[in-house]
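Worksheet: one structure, shown below.
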Amino acid sequence: MKSEEIDGKFPSGITRQSSIINRISIAAFLVLLLLPLISCGRRKMSSDELSQNPVFAEILKREASRVLGEDGFFPNTLFSNLHPEVRNSCAIALGRIRDRQALPWLYTALHKGDAEVRAASAFAIGEIEDREWLKENAQSIDPQTLRELSQLLDDSSLFVQMRAIEALGKTGSGAEAVRLIRQLERFSIDGLPIKRAYLDFSITALTRIGNPAAFPILERLSETEDPEIQWRAFDALIQLRDRSARPYFIKALSNPNPLVAAQAMLGLGMTGDPALAIRLLPFLASTAPPLFRFSAVQALGALKNPEAIPEIKAALESAPIDNAHPDQLNFAIAAISALGFIGSPQAESVLIPLLKKPGPVADSAVVALAKILKGNQERFFSLADPQLFAHPT
């Protein structure tokens, strides 16, 4: 699962697909853990519950203005409020305010209260001590942060462990990566939503840290029987640019799950080995699923093997490129981009007819041709119709 706090960058040369993996079950599970349970029936709120509304309003006000205040509101609320949902909101707000003065309060909260508050406090520490944010502000991580978060990996609540893993992904380095790897090596996979979520948090954390020590465990996870985990593992291997994962990508080309197979194609592209282009050519066929064709041609562009150009040309000519054939239209745009990345003069004859196509196809062809002829402007302008530049696109 990918929470709103978790993000990752896709490596250059490969455009990252939106995650089409269905993680509804995990998302629903985490929402239930994060939010107080709501009664299905209508009921009148108690006076005690109504009395908390001003507290919530004050938390939101201070979070919006990024101010802790000097009146003790936050520590008093975090430690003394009788409502766990209020303490939970308080901890999350401290993380979003990102004032390091709050760290001692959050360290204390890690050892007090229920799992929801401990988890929220771990999240908040991860936000405040995010290494990228600290770097931007010329600050160093508090040494206590990594000790406290690492201790939570043995917490009695798996959900608290997940939030600690997420925070370690933001704050940790090599030593923390090794600790997370050890956790994963003894973790049992049984298909339960919370176990999938745990693996998802762990894979994302290892990707964030970026230590190559994670390669073996990620490669092992790519061979599990759960396609969601496989996809996430391959995504991480691509982001971390693990070229040694080539055998795993090749094997997964025949995976029965199309999303896993498509991700494996992108993995082959990441390796940068032109000899692997032959593995991808069969997926360009017009009879292949659109996802396969799109992923394969993306990967071929990254591999930059000119021997793929005739097959790409044949795939472009296999169906009309117009609005009546949207799959072919989308494929053509990706294929033209790939030809530009390959950068071979052999692609000229493929691109020139496409300059006459309307809309984004012609636009893409102009860009690809410019890449191929970047050292020969005179030839570029002799091939490209000047009218293509008469109107903004």
Side-chain angles (χ1 to χ4, degrees), residues 3-7 30 33-36 51-157 159-173 175-176 179 201 204-205 208-209:
S3 72
E4 64 180 5
E5 288 78 33
I6 297 178
D7 197 5
L30 292 178
L33 286 174
L34 282 168
L35 301 177
S51 70
Q52 299 307 309
N53 287 342
V55 182
F56 279 118
E58 184 64 21
I59 290 172
L60 292 173
K61 175 184 174 183
R62 297 191 185 206
E63 179 184 328
S65 58
R66 307 290 183 182
V67 171
L68 292 180
E70 300 179 359
D71 54 1
F73 169 78
F74 273 116
N76 289 336
T77 304
L78 185 61
F79 301 130
S80 303
N81 194 285
L82 298 178
H83 297 268
E85 62 270 21
V86 174
R87 300 197 302 276
N88 179 66
S89 296
C90 179
I92 292 174
L94 289 173
R96 290 173 176 162
I97 291 172
R98 275 184 160 166
D99 188 326
R100 302 186 81 193
Q101 180 183 331
L103 284 174
W105 310 335
L106 293 165
Y107 294 149
T108 301
L110 292 178
H111 306 283
K112 302 179 67 173
D114 52 38
E116 183 176 311
V117 177
R118 298 200 305 278
S121 299
F123 159 78
I125 292 170
E127 288 291 284
I128 295 171
E129 293 289 86
D130 184 291
R131 59 180 170 273
E132 297 300 326
W133 186 82
L134 292 177
K135 183 179 179 180
E136 290 173 6
N137 291 273
Q139 298 183 40
S140 301
I141 192 168
D142 184 342
Q144 190 173 348
T145 287
L146 298 178
R147 291 199 301 269
E148 294 285 353
L149 292 175
S150 294
Q151 289 176 10
L152 288 185
L153 296 179
D154 297 319
D155 194 275
S156 58
S157 166
F159 184 61
V160 174
Q161 291 183 35
M162 288 192 292
R163 282 301 186 187
I165 289 168
E166 177 189 38
L168 285 170
K170 298 175 183 178
T171 62
S173 57
E176 287 66 47
R179 179 71 190 274
F201 272 73
T204 301
R208 277 178 169 271
I209 294 173

Check [X] against [Y] and note the closest heavy-atom contact, atom names and distance.
X: Ile209; Y: Gly172; answer: CG1-O, 4.1 Å
X: Arg118; Y: Ser157; answer: NH2-CB, 4.0 Å
X: Ile97; Y: Val67; answer: CD1-O, 3.8 Å
X: Val117; Y: Arg87; answer: CG2-CB, 3.8 Å
X: Ala102; Y: Leu94; answer: CB-CD2, 3.9 Å
X: Leu134; Y: Ser140; answer: CD1-C, 4.0 Å

Apply the test side chain to side chain contact (heavy atoms under 4.5 Å, CB included) to residues Phe56 and Glu85: give CA-CA distance (whole Å), side-chain angles for both, the deciding distance (0.1 Å), then the verdict. CA-CA 10 Å; Phe56 279 118; Glu85 62 270 21; 3.9 Å; yes
Going through the checks in order, is the side chain to side chain contact (heavy atoms under 4.5 Å, CB included) test met by Tyr107 and Thr145? CA-CA 8 Å; Tyr107 294 149; Thr145 287; 2.6 Å; yes
Minimum side-chain heavy-atom gap [X]-[Y] below 4.5 Å:
X: Ile128; Y: Ile125; answer: no
X: Ile165; Y: Leu153; answer: yes
X: Lys112; Y: Ser121; answer: no

Stepwise, does the side chain to side chain contact (heavy atoms under 4.5 Å, CB included) test hold for Glu148 with Leu106? CA-CA 10 Å; Glu148 294 285 353; Leu106 293 165; over 6 Å; no
Asp130: what forms a salt bridge (charged side-chain N to carboxylate O under 4.0 Å, His left out) with it, not counting sequence neighbours?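 Applying salt bridge (charged side-chain N to carboxylate O under 4.0 Å, His left out) to Asp130 gives none.
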Can you name the salt bridge (charged side-chain N to carboxylate O under 4.0 Å, His left out) partners of Asp99, sequence neighbours left out?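 Once residues adjacent in sequence are excluded, Asp99 has no partner under the salt bridge (charged side-chain N to carboxylate O under 4.0 Å, His left out) criterion.
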Exactly one of Lys170, Gln144, Arg100 should register a side-chain hydrogen bond (donor to acceptor under 3.5 Å, both in side chains) with Glu129. Which one does?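 Answer to the side-chain hydrogen bond (donor to acceptor under 3.5 Å, both in side chains) test with Glu129 among Lys170, Gln144, Arg100: Arg100.
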Is any side-chain N of the basic residue among Glu166 and Arg163 closer than 4.0 Å to the acidic one's carboxylate O?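 Salt bridge: yes.
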I would like to know whether Thr171 and Glu176 meet side chain to side chain contact (heavy atoms under 4.5 Å, CB included); could you show each step before the answer? CA-CA 9 Å; Thr171 62; Glu176 287 66 47; 5.9 Å; no
